[in-house]
Undergrad: 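Please see the structure below; I have some questions.
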Amino acid sequence: MIRSKPMAGKKGRAARRGEPPKGSKPIKEADGDLKRKRDAFLQTFFQRGAALTEELVVENRRLRLQIEGLEEEGASLKTQLASDDAIRDLLKKIGHLEREKARLLSAVHEHAEITNRFADVESELESFANLYVASSQLHASLRVRTVVRNVRELLLQLVGVRSLGIYFVDDAERHLVPIASDGVDLSSLPRIELHATPADSVTAVVERAFLTGVPHVTEGPIAAAPAACIPLEFSERVIGVIVVYALLGHKKEFVPVDRELLKLLEAQAGSAIVSAYLLEHADALLPSPDVLRKACA
Amino acid sequence: MTSQYTCLVVEDSPMMRQLLVLALSRVKSLQVVEADDGVDGLRKLATGKFDIILTDINMPIMDGLKLVKRVRSDPAHKDVPIIVVTTEGSDEDRERALQLGANAYITKPIQAPQVIAKVRALLKMDV
């Protein structure tokens, strides 16, 4: 327990007697001082309170602003998150579409390949059909007239030839002699003397094809006659030529199947004509089995 | 399989006839009957029902134009589709054939896909 220390000296005693201390101000003056002090204290107190309140208001405003900022930031982050999700979805969709595009392109490519393949097969089929028909018709008759007619027809109907001439060799005379024609008068076709200086370019081509056995078939658009010159083979020798002077107007060049047909004529037309001739001159008599057996032995 | 349609091919050239028949053999449900010329064609028309006719124009005895005229004047066959097979340079014949009632024409040298397409179109067949 703290005991208050009694006032010591003259001041203490005077106070106890109720007398103002010696040298102190009078009471009224003291009250005025106290009041001033109190007022000053109160003023200071309120001023500090006001300052504190002011500070609190400012702080409150700052915090409110901060909250507002944070709320805005939060909203922005939320938006960004949503936007990120949307972008992710879009990227996923783009990936899916890219795969779909690749699949479709592959399908289109495959379809184009199938179409090309189909066109190739169609062309091959046409080629085989033409060759089959040509081959079977070439040997369908054993009459010279019919065989030659079939050769001409094959060229006119299947190849699209406008004019042609068929030449046969005259071994004794060393001449190529025209024996049939179409689209051009037979009498207008010249006899071609072999090993003579060719009279013109057509004759030169015909002679060269006959002597070398190498066919002449124009590549690309046909500009000059003859369009083709095909040697006729028979028993490993050349016995004549087919000269194609011109093709039909709408046919500008030979197509692959035409070349196959010309090869077929080169290999078989000569044999077909000669065989037909020989059979006609044998009165179409069939050989006896004995003769054939001996021939096979 | 029974044939749903019958086609008459009138062509004097055995080679062309064989080629046409070969091309038409690729058309499903189509039976082909061959005739050598117009007279033979009319004879065969009289013996059966035909859904389409393919005829050459230049033929001996009776040509394709006369055949078209006769078919169109015959109540039994007046509505049968006719395709004429022509050669290049025979524009007048082609025009005449169309005027007489032919439905279409094909120019020689023929191409099988073209023949097949025209026949299918006139018979309204699914591809």
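All figures in this text were calculated on a predicted structure; none of them were measured in a lab. Below, chains carry the letters A, B, ... as their sequence lines are ordered, and counting in each starts from 1.
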Undergrad: Determine which pairs satisfy salt bridge (Lys or Arg N to Asp or Glu O under 4.0 Å) with at least one residue from residues 121-144 of chain A, sequence neighbours left out, and list them in order.
TA: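 Applying salt bridge (Lys or Arg N to Asp or Glu O under 4.0 Å) to every pair that reaches into residues 121-144 of chain A, excluding sequence neighbours, yields A:Glu122-B:Arg26.
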Undergrad: With a distance cut-off below 6.0 Å to the six-membered ring centre and an angular limit of 45° from the axis, does B:Lys118 pair with B:Tyr105 as a cation-pi contact?
TA: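 Flagged: B:Lys118 positioned over aromatic ring of B:Tyr105.
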Undergrad: Please classify the contact of A:Leu138 with chain B as side chain, backbone, both or neither, using a heavy-atom distance under 4.5 Å.
TA: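 Contact with chain B is absent: no heavy atom of A:Leu138 under 4.5 Å.
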Undergrad: If only side-chain N and O atoms count, and only distance matters, is there a donor-acceptor pair under 3.5 Å linking A:His96 with A:Glu100?
TA: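 Judged by distance alone, the side chains do not pair up.
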Undergrad: What part of B:Leu22 gets within 4.5 angstrom of chain A, counting heavy atoms only: side chain, backbone, both, or neither?
TA: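 When you check distances to chain A, only side chain atoms of B:Leu22 fall under 4.5 Å.
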Undergrad: Taking C-beta and beyond as the side chain, do B:Met15 and A:Asn150 meet within less than 4.5 Å on heavy atoms?
TA: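 Yes; the side chains approach each other to less than 4.5 Å.
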Undergrad: What part of A:Val159 is in contact with chain B, defined as an atom under 4.5 angstrom from a non-hydrogen atom: side chain, backbone, both or neither?
TA: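 Only the backbone of A:Val159 comes within 4.5 Å of chain B.
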